[in-house]
J.: 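This is the structure I have questions about; it appears just below.
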Amino acid sequence: MKYRTHEEFVKEMSEINQNIEILGHFIKTHEKIKCRCKIHNHIWFALPKTLLKGMGCPICGREKTNQSIKLRELQAKEKFILSLKEKDIQLIGEYTGYDKHCKFKCLKCNNI
């Protein structure tokens, strides 16, 4: 079994995620190493084995998760508004979420 050198690890990491700079010295995959995110300038310690699997900066991860949540919420909003149109119902005002009160108008009888 061949072990990675520090240089091999740094080269492999540059191919996996160019936004992570390795600040510490690589010893083995189960010993934390100091890293820096080139996007957020965030410094943290991570296990090399998780970095090699594609894990990265915790701040980048939270941003990606938040973007995914916002996209799902937007898709749910669009789906909800589309279902209203199919039932001849008009939303009055802004839809701000499934747990918020909204006003509606029936397009058949104009009842609110």
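Side chains are part of it too, since the values below use all heavy atoms of this structure and drop only hydrogens, waters and symmetry mates.
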J.: If I take atom NZ from residue K87 and atom SG from residue C106, how far apart are they, to the nearest 0.5 angstrom?
T.: 12.5 Å
J.: NZ of K85 to OG of S83: how many Å apart, nearest 0.5 Å?
T.: 10.5 Å
J.: With side chains defined as the heavy atoms from C-beta onward, is the minimum distance between C60 and I39 less than 4.5 Å?
T.: yes
J.: Please check this pair: side chain of T65 against backbone of G61, looking for a donor-acceptor N/O pair closer than 3.5 Å.
T.: yes
J.: Holding to side-chain hydrogen bond (donor to acceptor under 3.5 Å, both in side chains), I want the full list of residues that pass it with E12, two or more places apart in sequence or in another chain.
T.: R4
J.: Kindly compute the distance separating NE2 (H25) from OG1 (T5), expressed to the nearest 0.5 Å.
T.: 8.5 Å
J.: Less than 4.5 Å apart, any side-chain heavy atom of Q90 and any of L84?
T.: no
J.: How many angstroms lie between atom CD1 of I27 and atom OH of Y3, to the nearest 0.5 angstrom?
T.: 14.0 Å
J.: If every non-hydrogen atom of L91 is compared with every non-hydrogen atom of C102, which pair is closest and at what distance?
T.: CD1-CB, 3.8 Å
J.: What's the separation between atom OG1 in T50 and atom NE2 in H30, rounded to the nearest 0.5 Å?
T.: 10.0 Å
J.: Give a yes or no on whether the backbone of K28 and the side-chain of E31 come within a donor-acceptor separation of less than 3.5 Å.
T.: no
J.: Rounded to the nearest 0.5 Å, what separation is found between the NE2 atom of H40 and the CD1 atom of I59?
T.: 5.5 Å
J.: Determine yes or no for a side-chain-to-main-chain donor-acceptor pair under 3.5 angstrom, with K105 supplying the side chain and I92 the backbone.
T.: no
J.: Heavy-atom distance under 4.5 Å between the side chains of L82 and E86, does that happen here?
T.: yes
J.: Just jot down the side-chain hydrogen bond (donor to acceptor under 3.5 Å, both in side chains) partners of E15, sequence neighbours excluded, or say none.
T.: K11
J.: Apart from W44 itself, what residues make up its hydrophobic cluster when side-chain heavy atoms of I, L, V, M, F, W and Y under 4.5 Å apart count as a link, directly or indirectly?
T.: F9, V10, M13, I16, I20, I22, F26, I33, L51, L52
